[in-house]
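Atoms considered below: every heavy atom in the structure, side chains included; atoms not considered: hydrogens, waters and symmetry mates. The sequence lines fix the lettering, A, B, ..., with proteins before strands; numbering per chain opens at 1.
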Protein chains: 2
Amino acid sequence: METTWAHQLREAGLRVTRPRLSVLGVLAQHPHADADTIVTGAREQHPSLSPQAVYGVLKAFVAAGIARRIEPAGAPALFELRVGDNHHHLVCRSCGAVADVDCTVGAAPCLTPSDTAGFVIDEAEVVFWGLCRQCHDRDRQVAVGAEAVQFEQHEIRGGARA
Amino acid sequence: METTWAHQLREAGLRVTRPRLSVLGVLAQHPHADADTIVTGAREQHPSLSPQAVYGVLKAFVAAGIARRIEPAGAPALFELRVGDNHHHLVCRSCGAVADVDCTVGAAPCLTPSDTAGFVIDEAEVVFWGLCRQCHDRDRQVAVGAEAVQFEQHEIRGGARA
DNA sequence: ATCCTTGTCTTGACTAGTTCAAAACAAGGC
DNA sequence: GCCTTGTTTTGAACTAGTCAAGACAAGGAT
């Protein structure tokens with residue numbers, strides 16, 4: 001695994017360093033992690049790691065094309081390793097959980113607005129806003145009368161504001 | 001015009017105040033203005049207006065549903081008066097110019113991801129990234145040899161970073 | 001027309017998230 | 001194993017936006 005990371009880094013023209021491997025490890029565990037989550041997570045393997053180092057690593061990853069930065073309105077930026085497949089995101093308004101959606105509405109509707117107003121488009125970004133199952137159910141439970149809470153902590157950017 | 005604004009405010013259950021009318025005026029002139037542009041613009045009619053007042057006004061507008069807040073990644077939030085028609089945006093990567101696009105790709109593709117992962121979706125937000133005509137042409141001019149710059153300053157959030 | 005209530009604005013301090021710069025350091029080609 | 005160059009550290013700074021308390025004004029009641 002670690003060797004795979006190292007390989008990926010070299011392929012991207014980046015040196016293989018401990019901070020970078022740690023960050024890759026965290027991103028693999030948390031597919032949509034924010035900077036803070038990454039710092040916390042990466043410190044498990046590299047306790048002295050500074051937030052600035054993580055920002056630097058992430059910037060390098062994004063520039064090298066091995067990570068993508070997404071910025072849901074009103075929340076800190078998230079980073080993911082899944083790049084180049086033009087997928088989109090579902091974001092929970094309540095807890096901030098993020099899930100991936102493949103762009104299967106067809107290639108065209110995803111990429112072609114009706115009137116480009118002279119713009120030369122190179123990417124279409126789609127964000128679906130709503131409530132994740134857990135938050136939706138929790139809201140209903142409040143109304144209904146709290147049946148067993150049967151869901152585990154979902155995949156959030158690490159330190160959830162659940 | 002001013003009376004129309006006043007009417008709109010009252011309809012939305014908000015008091016009619018000078019700061020609010022000023023902000024409405026600026027938003028009418030700059031359909032996608034950021035907070036700073038709004039402060040600057042509104043001060044033409046109300047020089048003592050504070051940034052915090054503008055934030056307050058905008059918050060009230062958004063809460064009352066007469067304005068919408070959009071937050072393109074990496075840029076300060078923008079505000080627009082066009083609400084309730086589920087339109088989307090074209091954003092220029094170079095100068096930050098924003099243009100509206102009607103959601104004419106059809107109602108369905110805009111609102112239904114292939115797999116909701118258990119989420120209950122209430123809104124689909126689409127942002128098309130690219131270059132506006134001016135920036136695109138300017139880039140080509142650099143390569144070609146600078147023909148006449150025939151385009152006026154486009155509609156940007158007021159104080160463009162052209 | 002004036003008073004009073006309540007929502008709005010002003011003032012000032014403050015936070016989160018992120019970026020910048022300079023110096024210490026380490027990866028990896030020679 | 002050495003040297004070059006890219007990375008990380010350290011520390012400060014910046015921007016966009018928020019919070020709270022008191023001054024103030026809109027507009028319904030008198």
### Non-hydrogen atoms of P51(B) and V39(B) that approach each other most closely
CA-CG2, 3.9 Å
### Task
Apply the test side-chain hydrogen bond (donor to acceptor under 3.5 Å, both in side chains) to residues E80(B) and H87(B): give CA-CA distance (whole Å), side-chain angles for both, the deciding distance (0.1 Å), then the verdict.
CA-CA 11 Å; E80(B) 66 182 357; H87(B) 72 276; 3.1 Å; yes
### Task
Grab the CG-P distance between D36(A) and dG17(C) for me, whole Å please.
7 Å
### Distance in angstrom units between L21(A) CG and dT8(D) C1', rounded
14 Å
### Query
Quick one: is dG7(C) close enough that its OP1 or OP2 comes under 4.0 Å of any side-chain N or O from T17(B)?
no
### Message
Nearest to the side chain of V16(B), heavy atoms from C-beta on, is which of dT8(C), dG27(D), dT19(C)?
### Response
dG27(D)
### Query
Just to confirm, is there a sub-4.0 Å distance from OP1 or OP2 of dT11(C) to any side-chain nitrogen or oxygen of S50(B)?
no
### Query
Is the phosphate of dA27(C), meaning OP1 or OP2, less than 4.0 Å from a side-chain N or O of R18(A)?
no
### Query
Of the nucleotides dA16(D), dA26(D), dG27(D), which has the atom closest to the R10(B) side chain?
dG27(D)
#### Entry: Rounded interatomic separation in angstrom, taking CZ from R20(B) and P from dT10(C)
11 Å
### Message
Using whole Å, what does the distance between atom P of nucleotide dT8(D) and atom CG of L9(A) come to?
### Response
10 Å
### Query
How long is the line joining CD of Q52(A) and P of dA13(D), in whole Å?
14 Å
### Query
Are R69(A) and D34(A) within salt-bridge range, i.e. N to O under 4.0 Å?
no
#### Entry: Of G56(B) and A77(A), the one whose closest DNA chain C nucleotide lies more 5'
G56(B)
### Along DNA chain D (nearest heavy atom to each residue), the more 5'-positioned of V57(A) and F79(B)
V57(A)
### Residue closer to the 5' end of DNA chain D, R15(A) versus H46(A) (nearest nucleotide)
R15(A)
## Note on the structure
Between CG of L14(B) and P of dT8(C) the distance, given in whole Å, is 6 Å
### Message
Below the 4.0 Å mark, does dC9(C) have OP1 or OP2 next to a side-chain nitrogen or oxygen of K59(B)?
### Response
no
### Query
Under 4.0 Å between a side-chain N/O of Y55(A) and OP1 or OP2 of dT19(C), yes or no?
no
### Task
Begin with the C-alpha distance, continue with both residues' side-chain angles, and end with the deciding distance and a verdict on side-chain hydrogen bond (donor to acceptor under 3.5 Å, both in side chains) for H32(A) and D100(A).
CA-CA 9 Å; H32(A) 304 102; D100(A) 289 330; 2.8 Å; yes
### Query
Roughly how far apart are R68(A) CZ and L58(A) CG, rounded to 0.5 Å?
15.0 Å
## Note on the structure
Taken to the nearest whole Å, CD/E71(A) to P/dA16(D) is 14 Å
### Query
Between atom CG in L58(B) and atom P in dC9(C), what is the gap in whole Å?
11 Å
